Undergrad: 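The structure is given below, and queries will be raised subsequently.
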Amino acid sequence: MASPPDGTHAAFFYGTLMAAEVFFTVCYRFSTDNVAILRKLHKFQPAILHGYCRRRVKFADYPGITPDAGHEVRGVYVTGLTSANMYHLDQFEGSEYERKTVKARLLSQVGDDKGNGNVEAEEVECEVYVFNNPSQLENREWDFEEFRAQKMKLWTREDYGFADSDHFAPQRVNDEEKAAAVCK
């Protein structure tokens, strides 16, 4: 398992956990601590994982990734994860996923959804949850904006909304953008 020198963990999230509200609901669901204090415990940075493809899980609101040398997945690199956080994340992901150690690249500049304009920076070791049953994946990319607009409220605690987040604002995603994201 990837573990920085301070004894905490780092992970790459590519689905529902990219939303801070979902992350904090999973890791701190029973916490009565002030959200502002909890938020300072973790650093969220845009990142990219090469050699994997993200697809939507059939009949679900969330995605899975599988190894695929010709693809890459944009997501979020999160640091400061404790063993307790990892336990909650393992429980959340369940038996559908296997936690693996990988190397991702931080993004110093984030481009468009097709990756145009991405500027890669430091390579970091982290953990990621890889989907165990590729036959249960649709042949289309999972759409984070669609999740934010249509499903995210079902996945979070109401008190974990952040003032600087537009996650609950309606987002439009056209069919051309969805078609461009399909992994072939």
Side-chain angles (χ1 to χ4, degrees), residues 1-49 52 54-57 59-65 73-108 110 121-122 124-133 142-171:
M1 291 187 282
S3 191
D6 65 0
T8 62
H9 300 262
F12 177 85
F13 299 130
Y14 57 85
T16 61
L17 291 163
M18 290 193 307
E21 293 87 344
V22 175
F23 169 81
F24 283 99
T25 297
V26 169
C27 289
Y28 299 100
R29 67 183 136 228
F30 302 116
S31 176
T32 57
D33 292 336
N34 182 315
V35 175
I37 293 170
L38 295 176
R39 200 168 182 196
K40 290 178 184 178
L41 299 175
H42 307 284
K43 185 173 182 181
F44 291 74
Q45 297 174 266
I48 195 159
L49 180 62
Y52 287 85
R54 172 179 46 211
R55 291 187 175 95
R56 182 182 171 116
V57 175
F59 312 110
D61 297 338
Y62 52 87
I65 61 168
V73 177
R74 193 167 65 186
V76 178
Y77 173 74
V78 179
T79 59
L81 300 168
T82 65
S83 293
N85 294 147
M86 296 309 295
Y87 171 80
H88 289 297
L89 292 163
D90 288 346
Q91 296 303 305
F92 175 73
E93 298 295 1
S95 61
E96 286 185 303
Y97 297 85
E98 179 180 349
R99 184 172 16 136
K100 294 187 175 186
T101 300
V102 295
K103 292 189 181 197
R105 287 229 172 242
L106 299 180
L107 292 175
S108 60
V110 178
E122 175 186 359
V124 291
E125 188 172 90
C126 54
E127 296 172 71
V128 69
Y129 290 90
V130 178
F131 198 70
N132 286 327
N133 193 351
W142 178 81
D143 189 308
F144 182 60
E145 300 304 323
E146 184 179 305
F147 169 76
R148 285 179 13 169
Q150 298 175 13
K151 302 290 186 175
M152 194 168 88
K153 281 188 179 182
L154 302 173
W155 289 70
T156 61
R157 280 178 44 169
E158 286 185 24
D159 60 335
Y160 281 161
F162 299 116
D164 61 347
S165 171
D166 67 348
H167 288 173
F168 293 122
Q171 305 287 323

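Atoms considered below: every heavy atom in the structure, side chains included; atoms not considered: hydrogens, waters and symmetry mates. These figures come from a predicted structure and were not determined experimentally. Numbers for residues simply follow the sequence, beginning at 1.
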Undergrad: Looking only at heavy atoms, what is the nearest atom pair of Gly64 and Val57, with distance?
TA: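 Closest approach of Gly64 to Val57: N-CG2, 3.8 Å.
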Undergrad: Would you call the rings of Phe23 and Phe13 parallel, tilted or perpendicular, taking 30° and 60° as the class edges?
TA: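 Ring orientation, 0 to 90° scale: tilted.
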Undergrad: Please report the closest heavy-atom contact between Arg54 and Arg74, naming both atoms and the distance.
TA: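 Here Arg54 and Arg74 meet closest at NH1-O, 3.0 Å.
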Undergrad: Take Tyr77 and Phe12 through the ring pair (Phe, Tyr, Trp, His ring centres under 6.0 Å) test and state the conclusion after the steps.
TA: CA-CA 5 Å; Tyr77 173 74; Phe12 177 85; 8.4 Å; no
Undergrad: Report yes if the side chains of Arg55 and Pro63 come closer than 4.5 Å at any heavy-atom pair, otherwise no.
TA: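 Contact flag for Arg55/Pro63 side chains = no.
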Undergrad: Quick one: closest heavy-atom pair of Glu21 and Thr25, and the distance?
TA: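 So the minimum-distance heavy-atom pair works out to O-OG1, 2.7 Å.
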Undergrad: Quick one: does Cys126's side chain get under 4.5 Å of Thr101's, heavy atoms only?
TA: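 No, every pair of side-chain atoms sits at 4.5 Å or beyond.
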Undergrad: Distance alone, cut at 3.5 Å: any donor-acceptor contact between the side chains of Tyr62 and Glu96?
TA: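 Yes.
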Undergrad: How many angstroms lie between CG in Leu81 and CE in Met86, if you round to the nearest 0.5 Å?
TA: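 Those atoms lie 6.0 Å apart.
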Undergrad: Within the 3.5 Å criterion, strictly below it, is a donor on Tyr129 or Asp90 matched to an acceptor on the partner's side chain?
TA: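 Note: Tyr129 and Asp90 side chains meet the donor-acceptor criterion.
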Undergrad: Measure the shortest side-chain to side-chain distance between Val128 and Arg99 over non-hydrogen atoms and say whether it is less than 4.5 angstrom.
TA: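 Contact flag for Val128/Arg99 side chains = no.
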Undergrad: Heavy-atom distance under 4.5 Å between the side chains of Val26 and Leu89, does that happen here?
TA: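 Heavy-atom side-chain distance check passes, below 4.5 Å.
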Undergrad: Mind running side chain to side chain contact (heavy atoms under 4.5 Å, CB included) on Ile48 and Val73 for me, showing each step along the way?
TA: CA-CA 6 Å; Ile48 195 159; Val73 177; over 6 Å; no
Undergrad: For a quick test of reading the model, state the closest non-hydrogen atom pair linking Phe24 to Arg39 and the distance between them.
TA: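 For Phe24 versus Arg39, the nearest heavy atoms are CZ-CA, 3.5 Å.
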Undergrad: Would you give the length of the straight line joining atom CD of Gln45 to atom OG of Ser108, rounded to the nearest 0.5 angstrom?
TA: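 One finds 10.5 Å between CD of Gln45 and OG of Ser108.
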Undergrad: Are the side chains of Glu93 and Leu17 in touch, meaning some heavy atoms are under 4.5 Å apart?
TA: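 The answer is yes, as the side chains (C-beta and beyond) meet within the 4.5 Å cut-off.
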Undergrad: Specify the closest pair of heavy atoms between Asn85 and His42, including all atoms of both residues, with the distance to one decimal.
TA: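 Here Asn85 and His42 meet closest at OD1-CE1, 3.3 Å.
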Undergrad: With the side chain counted from C-beta on, respond yes when Arg29 and His88 share a heavy-atom pair under 4.5 Å apart, and no when they do not.
TA: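 Counting from C-beta outward, Arg29 and His88 do come under 4.5 Å.
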Undergrad: Would you indicate whether the side-chain heavy atoms of Asp61 and Trp142 approach each other to under 4.5 Å?
TA: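 Trp142 vs Asp61: side chains apart.
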Undergrad: In Å and rounded to the nearest 0.5 Å, what is the NE2 to CD distance from His9 to Glu127?
TA: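 Those atoms lie 6.0 Å apart.
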Undergrad: Quick check: closest heavy atoms across Thr16 and Val22, and the distance to 0.1 Å?
TA: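 Looks like O-CB, 3.3 Å.
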Undergrad: Charged N to carboxylate O under 4.0 angstrom, Arg56 versus Glu146?
TA: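 Yes.
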